[in-house]
Amino acid sequence: MQIKPQAKYLKDYQAPSHEVTRLELTFDLHPTKTKVKAKAHYIANCGTTSLVLDGVGLTLLSINVNGQPFEHFECQEQHLQLSNLPNEFELEIETEISPKTNTSLEGLYLSGGAYCTQCEAEGFRKITYFLDRPDVLTIYTVTVIGEQSMPCLLSNGNQVESGQLDDGRHFAKWHDPFKKPSYLFALVAGDFDKLEDMFVTCSGRKVNLVLFVDKGNLAKAPHAMASLKRAMKWDESRFKLEYDLDIYMIVAVDFFNMGAMENKGLNVFNSACVLANQQTATDRDYHTIESIVGHEYFHNWTGNRVTCRDWFQLSLKEGLTVFRDQEFSSDLGSRGLNRIDAVMAMRTHQFAEDAGPMAHPIRPNKVIEMNNFYTVTVYNKGAEVIRMMHTLLGEENFQKGMQLYFERHDGQAVTCDDFVAAMQDASQTNLSQFKLWYEQVGTPTLTVATEFDDISATYTCTFTQKNAQNDPVQSPLHIPFAIELLDKNGHALALKVNGKTTSKIIDVTHPEQSITFEQIPEQPVAVLLEDFSAPVIVNYDYKLSELVHIIAHASSDYARWEATQQAFKLEVLEGVKQYNAHGTISLSCELVDTFNALLCKRQGDLALLAELIRVPSFDTLSSEFECIPVDALNTCIVQFELDIATRLANPLKQTYESCEEKGEMSHKAVSARALKNVCLYYLAMVCDEKILSWIQSQLDCDNMTLKLGALKAVFNAQLPCSEPSMAVFDSQWRHDLLVMDKWFALQATQKSDQAIANIKNLYEHPCFDKSNPNRVRALVGSFARGNAVQFHRLDGQGYRLLGDLLVELNAINPQNASRMLTPFMSWKRYDKARQKLMKEQLERLSKLTDLSGDLYEKVDKALN
Ligand code: TRP
Ligand code: ZN
């Protein structure tokens, strides 16, 4: 590292020096010599005569001011400094860039044969010199010139002109009537198949919908298109928000760092988040695609029409848009299951981030590399903060707040404070204490003590809240705490306080406070933090019998799932104790009996049942420990699974046989497949003829959910048919890289000692490519996150494998390298031997002479 990368602070925010009233861009596309002309009209905001533009890796060809060559400039590493400028002027800059050698997938690059851009957060500066910050909004007109081999030349907004050029090439000119910041700019050029459709908005306007996919992939496009139409309809009905342009385009590309990008009128998507058919995509994939298509669409209002003042405000658009896409999925599908997904992401990944060296508030106040802050904290915890406001205000007031937010800020770049102010003003609610959620760091804990008094028939809950140790705020938060009290039949008791019926949401606002519920005739079972009403850790000594009561009787799907999680947590704590005492590890009869009853009854949503009987992952369970007992935990998980398989083999078989589905996409059929796969996963461990025949027929069918479910089951149980089945899958799907990613991911979870050698061999597989983030995440990401046995080997080979890869990725794609580094961030949570080995890898990275800012920020935080 030559110069230490510099941090930026929220407190140093300054308004931009100039306003840009319009920007005309011309791209003369060439793989290694693309010429970019940027002609813009600047007006100084406070009489300054100098201008500092952002620019990285650009070759400057010429500068003109008001049509004349300009000499008062200095070209620096990451900036262009201009001086002696008039107050108002036309600046024309010509630069050259090389998309083909741009492996960072940021700026303008080649994905396969197609040109595409990724500008969020600070990629526009890799395209031309500009005020590359979200509070500089302007009107874009873009001309794209390309070869005839690229019939599609696209940019934001509406196409206003196109034609042939004398040199045999052609061009298209686009105009976006909405002001936007540079991070929402997009350009795509290539040869695609198109799926076209139409949406009529609530006010009767016709919008053309176009989905661009690689040649030959048209059959995999309809699901994303249908999802888009559902999203447009839903945003109109639930949020009263209508689309604003005449065309909406989505392009699928194979090389992409994240899921998708909400560029105005021209979304660019990772092909993995678009393409699906029954043969190639699982039911999960279908769900993910729908939610991401929705997410990007919802950004059109929350992100694009109203954008962020600065990048510290990222949660303004991301937290809110995640909340919106979660609501979209919940309104269209199962609310309970969607909540389970969201809470699982929080508990497993966000709590881990909160507990590690990268912990930050949902509105960070210090950033070195902005790409490092597209985190589960900003996105998912940010969404939980929005959800809490929704809980406190109620749907009606929340919607009033949204309307006021748009009334006040349409066309502006604003802050999280502006959003909360709109919510507060529209609902006449005081959110001043609540706002601390934007500043606090780490996961707060809430300790709950309960006392039933049979003489007065009262039930008292006492809450003690504590900020996380790493939280600079250290003052009490406003926590909406939902509670339910179940009687012995599992019915919720009416909640009465001071003679009045109260809502189930308690405003916990003090370090310590209690509430006494009246007319409680018998000792109830408390369902605490119902629906995960706040992103906190609850400490409460549940007895297994109480949890079993909730699992068996509660009406809320979420509460029942949550109780199974708590029950597994109790089992694991006991299992680890037994492991250390060389005792026998097994599940309590009470829990096994409960599962037995659930399987025999098979009531309600089968997909929920599938979730209830699944043993939580290593990552989820490890959050219960300050120092993660790797070997004990791995042993517990294996033992618990085997226990369920052997002790419940018969009900699992009966359940499997009772699941009816014919490959259709109804919620019922999807649920049946989910349950079938969980059953088969267990049954493979106690395989017999009949089970083997089920496995074989799932492997042979042409529904990817069932096929992959069976493959996972045989691979995990290491049945004799495992190796041949993997080989058959490989030869069947080599032509489809997205399907091969599933295969790579499965290979990476191999628990035997061959795992690492096997992964190294797979680096040479014809489908593998280190420069493609999807491949890298499928193989090495799945290994580091999903193979605790081999990743945490005591000889350090697992850590070395990741370290080696990070060294390579640092040079190819720093953004992806930085995301892949995450498993090392929690190195201090392991035993001394593993700490030392992980630290070695971090230190090795810190010594790289070409260490990227992305990795530097995280490695530095991890080590210091
Ligand atoms: N804003 C995008 C979203 O939430 C995600 C995004 C941010 C992104 N930076 C990116 C996507 C870089 C790809 C590459 O949908
Ligand atoms: Zn987003």
Side-chain angles (χ1 to χ4, degrees), residues 102-109 111 116-127 132-134 156 180-188 224 227-228 231 235 250-274 288-308 311-329 342 345 362 364 367 369-383 386 772-774 776-777 813-820 852 854:
N102 180 2
T103 57
S104 70
L105 312 188
E106 195 183 48
L108 178 68
Y109 63 93
S111 168
C116 67
T117 54
Q118 173 54 42
C119 293
E120 188 177 5
E122 300 182 327
F124 192 73
R125 62 190 63 188
K126 292 184 167 186
I127 293 173
D132 188 13
R133 44 188 287 171
N156 318 80
K180 65 169 173 289
S182 52
Y183 84 87
L184 290 172
F185 163 79
L187 175 156
V188 173
S227 301
L228 174 61
D235 215 13
I250 292 179
V251 186
V253 301
D254 292 328
F255 287 73
F256 205 66
N257 274 334
M258 309 254 261
M261 180 62 211
E262 71 263 24
N263 317 300
K264 184 78 188 186
L266 178 56
N267 290 178
V268 178
F269 269 62
N270 186 324
S271 55
C273 301
V274 175
T288 306
I289 289 167
E290 181 181 73
S291 87
I292 297 182
V293 168
H295 180 100
E296 306 313 328
Y297 175 73
F298 304 141
H299 267 314
N300 190 56
W301 278 95
T302 51
N304 301 4
R305 288 289 287 258
V306 182
T307 195
C308 303
W311 288 121
F312 299 103
Q313 318 294 330
L314 180 61
S315 204
L316 173 80
K317 73 175 177 82
E318 296 304 346
L320 179 55
T321 304
V322 171
F323 170 77
R324 276 153 53 69
D325 84 52
Q326 290 174 350
E327 284 301 295
F328 169 58
S329 298
I362 61 166
V367 164
E369 171 51 63
M370 191 52 215
N371 285 333
N372 284 334
F373 289 84
Y374 288 78
T375 59
V376 275
T377 298
V378 168
Y379 275 63
N380 301 64
K381 186 174 177 174
I386 302 287
N772 186 298
N774 289 359
V776 171
R777 260 176 259 150
N813 183 338
Q815 195 182 339
N816 192 33
S818 182
R819 287 183 64 197
M820 294 289 299
S852 60
D854 305 56

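Both counts, for ligands and for their atoms, begin at 1 and track the order of listing. Everything quoted here is computed from the prediction, not taken from an experiment. Below, all heavy atoms of this structure are taken into account, side chains as well, without hydrogens, waters or symmetry copies.
When non-hydrogen atoms are compared, ligand 1 lies under 4.0 Å from neither the backbone nor the side chain of E122. Heavy atoms of H295 found under 4.0 angstrom from ligand 1 belong exclusively to the side chain. Only the side chain of Q118 comes within 4.0 Å of ligand 1, judged by heavy-atom distances.
Nearest protein neighbour of atom 1 (N) of ligand 1, counting heavy atoms only, is E120 OE1, 2.5 Å. Annotation: atom 6 (C) of ligand 1 to nearest protein heavy atom, M258 CE, 3.5 Å.
Atom OE1 is the N/O/S atom of E318 found closest to the Zn ion (ligand 2).
Without hydrogens or angle criteria, N156 side chain to L184 main chain gives a donor-acceptor distance under 3.5 Å. Checking side-chain atoms of T321 against main-chain N and O of T302 turns up a donor-acceptor pair under 3.5 Å. Judged purely by atom type and a 3.5 angstrom limit, D132 uses its side chain to pair as donor or acceptor with the backbone of R125. Here the side chain of R819 pairs a donor or acceptor atom with the backbone of N257 at under 3.5 angstrom. In this structure, T103 contributes its side chain and N813 its backbone to no donor-acceptor pair below 3.5 Å.
Atoms of ligand 1 lying under 4.0 Å from at least one heavy atom of Q815, given by number and element, are 12 (C). Here is the list of ligand 1 atoms found below 4.0 Å of a heavy atom in A260: 2 (C), 3 (C), 5 (C), 11 (C), 15 (O). Listed by number with element, the atoms of ligand 1 under 4.0 angstrom from any heavy atom of K317 are 1 (N). Here is the list of ligand 1 atoms found below 4.0 Å of a heavy atom in E262: 1 (N), 2 (C), 3 (C), 15 (O). In summary, the atoms of ligand 1 found under 4.0 Å from a heavy atom of F256, numbered by their order in the structure, are 11 (C), 13 (C). Short contacts between ligand 1 and E296, defined as distances under 4.0 Å to a heavy atom of the residue, involve ligand atoms 3 (C), 15 (O). Residue contact check: M261 has heavy atoms under 4.0 Å from atoms 1 (N), 2 (C) of ligand 1.
A heavy-atom separation below 4.0 Å is not found between E106 and ligand 1.
At least one N or O atom of E318, backbone or side chain, sits closer than 3.5 Å to an N or O atom of ligand 1. Residue Y379 has at least one nitrogen or oxygen atom sitting less than 3.5 Å from a nitrogen or oxygen atom of ligand 1, judged on distance alone.
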For this session: Output, in order, the C-alpha distance, side-chain angles, deciding distance and verdict of side chain to side chain contact (heavy atoms under 4.5 Å, CB included) for K126 and Q118.
Result: CA-CA 10 Å; K126 292 184 167 186; Q118 173 54 42; over 6 Å; no
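In this structure, the separation between CZ on F269 and SG on C116 is 13.5 Å, given to the nearest 0.5 Å. A distance of 7.5 Å separates OG of S227 from CD1 of I289, quoted to the nearest 0.5 Å. Interatomic distance, Y374 OH to Y379 OH, rounded to the nearest 0.5 Å: 6.0 Å. Atom CD of E318 is separated from atom CD of Q313 by 13.0 Å, given to the nearest 0.5 angstrom.
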